[in-house]
Peer 1: 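One structure follows; several queries about it will come next.
Residues take their numbers from the sequence shown, with the count starting at 1. Values reported hereafter were calculated over all heavy atoms of this structure, with side chains retained and with hydrogens, waters and symmetry mates removed.
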Amino acid sequence: MKQRIAHIALVVNDYDEAIAFYTQKLHFDLIEDTILSETKRWVLVAPKGSSECCLLLAKAVGEEQKSRTGNQTGGRVFLFLHTDNFQRDYQNLLDQQIRIVREPSHEEYGTVAVFEDLYGNLWDLIGR
């Protein structure tokens, strides 16, 4: 038996601002942007070179979903971005003025820094 996680839904306020953040600031690839209805799109983004799992940018609908935007995990680190060049990608976060929550530290598993996306979700940037 073989299984894999294909997509992780990330609640966003607006499709276009989320696409811009992920593609222009984090340099992710826009994998798909399909209009499903007047208000719903199927939007997938993924880090360059990634083929296993994509983020599904899901526009918040209703007050309950809107209240979860940027805080899907109650303030815990939510997503983990592994890199083959920590210094390059950390410098990109600085250059793009992305908020660094925790400066780089050297851990048993590699170098890690915590940053916020445009809505406040916490990410680990990890270089092994």
Peer 1: If you compare all heavy atoms of Gly49 against all heavy atoms of Asp29, which two are closest, and at what distance to 0.1 Å?
Peer 2: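 That would be N-OD2, 4.5 Å.
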
Peer 1: What is the minimum heavy-atom distance between Ala46 and Cys54, and which atoms define it?
Peer 2: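 So the two residues come closest at CB-SG, 4.0 Å.
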
Peer 1: Quick check: closest heavy atoms across Arg88 and Asp84, and the distance to 0.1 Å?
Peer 2: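 Taking every non-hydrogen atom into account, NH2-OD1, 2.9 Å.
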
Peer 1: Take a 6.0 Å sphere around CD of Glu107 and say whether it holds more than 12 heavy atoms from other residues, nucleotides or ligands.
Peer 2: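 Yes.
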
Peer 1: If you apply the rule side chain to side chain contact (heavy atoms under 4.5 Å, CB included), what do you find for Thr39 with Lys59, and how did you get there?
Peer 2: CA-CA 9 Å; Thr39 59; Lys59 186 175 178 183; over 6 Å; no

Peer 1: With rounding to the nearest 0.5 Å, note down the distance linking CG in Leu118 to CD in Glu17.
Peer 2: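 Between atom CG of Leu118 and atom CD of Glu17 there are 5.5 Å.
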
Peer 1: Does some side-chain heavy atom of Thr111 sit less than 4.5 Å from a side-chain heavy atom of Tyr90?
Peer 2: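 Side-chain contact under 4.5 Å: no.
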
Peer 1: In the single-linkage hydrophobic clustering (I, L, V, M, F, W, Y; side-chain heavy atoms under 4.5 Å), do Val45 and Tyr15 co-cluster?
Peer 2: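 Looking at the clustering, Tyr15 is in the same group as Val45.
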
Peer 1: State whether a side-chain donor-acceptor pair under 3.5 Å links Gln72 with Tyr119.
Peer 2: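 No, no side-chain donor-acceptor contact under 3.5 Å.
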
Peer 1: Please say whether more than 12 non-hydrogen atoms of neighbouring residues, nucleotides or ligands are located less than 6.0 Å from CG in Leu30.
Peer 2: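 Correct, the count exceeds 12.
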
Peer 1: Just so I know, are the side chains of Leu81 and Phe28 near enough to count as touching, which here means a heavy-atom distance under 4.5 Å?
Peer 2: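 Side chain of Leu81 against side chain of Phe28, heavy atoms only: contact under 4.5 Å found.
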
Peer 1: What closest approach, in Å, do Leu125 and Asp89 show between heavy atoms, and which atom pair accounts for it?
Peer 2: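 Here Leu125 and Asp89 meet closest at CD2-C, 3.9 Å.
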
Peer 1: Nearest 0.5 Å, what's the CG-CZ distance between Asn121 and Arg68?
Peer 2: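 Those atoms lie 13.0 Å apart.
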
Peer 1: Show me the side-chain donor-acceptor pairs of residues 19-26 shorter than 3.5 Å, one per line, residues at least two apart or across chains.
Peer 2:
| unit_1 | atom_1 | unit_2 | atom_2 | d |
| --- | --- | --- | --- | --- |
| Tyr22 | OH | Asp117 | OD2 | 2.8 |
| Thr23 | OG1 | Ile19 | O | 2.7 |
| Lys25 | NZ | Gln96 | O | 3.1 |

Peer 1: In this structure, would Ile31 and Leu79 fall into the same cluster of hydrophobic residues linked by side-chain contacts under 4.5 Å?
Peer 2: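 Hydrophobic grouping puts Ile31 apart from Leu79.
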
Peer 1: Among Asp33, Asp16, Val43, which residue meets the side-chain contact (heavy atoms from CB on, under 4.5 Å) test with Leu57?
Peer 2: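 Between Leu57 and the candidates, side-chain contact (heavy atoms from CB on, under 4.5 Å) is satisfied uniquely by Val43.
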
Peer 1: Do Val11 and Leu55 sit in one hydrophobic cluster, given that two such residues count as connected whenever their side-chain heavy atoms are within less than 4.5 Å of each other, even indirectly?
Peer 2: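 No, it is not one cluster - the side chains of Val11 and Leu55 are not joined through contacts under 4.5 Å.
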
Peer 1: With Arg4, which residues qualify under salt bridge (Lys or Arg N to Asp or Glu O under 4.0 Å), at least two apart?
Peer 2: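 Result, salt bridge (Lys or Arg N to Asp or Glu O under 4.0 Å) vs Arg4: none returned.
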
Peer 1: CD1/Ile8 to CG/Leu56 distance, rounded to the nearest 0.5 angstrom?
Peer 2: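 Output value for this atom pair is 10.5 Å.
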
Peer 1: Using a 4.5 Å cut-off between side-chain heavy atoms of Ile, Leu, Val, Met, Phe, Trp and Tyr, which other residues end up in the same hydrophobic cluster as Val101?
Peer 2: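 So far as hydrophobic clustering goes, Val101 is joined with Val77, Phe80, Tyr109, Val112, Val114, Leu122, Ile126.
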
Peer 1: Do other residues, nucleotides or ligands put more than 12 heavy atoms under 6.0 Å from Ile5 CD1?
Peer 2: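 No, the 6.0 Å shell around CD1 holds no more than 12 heavy atoms from other groups.
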
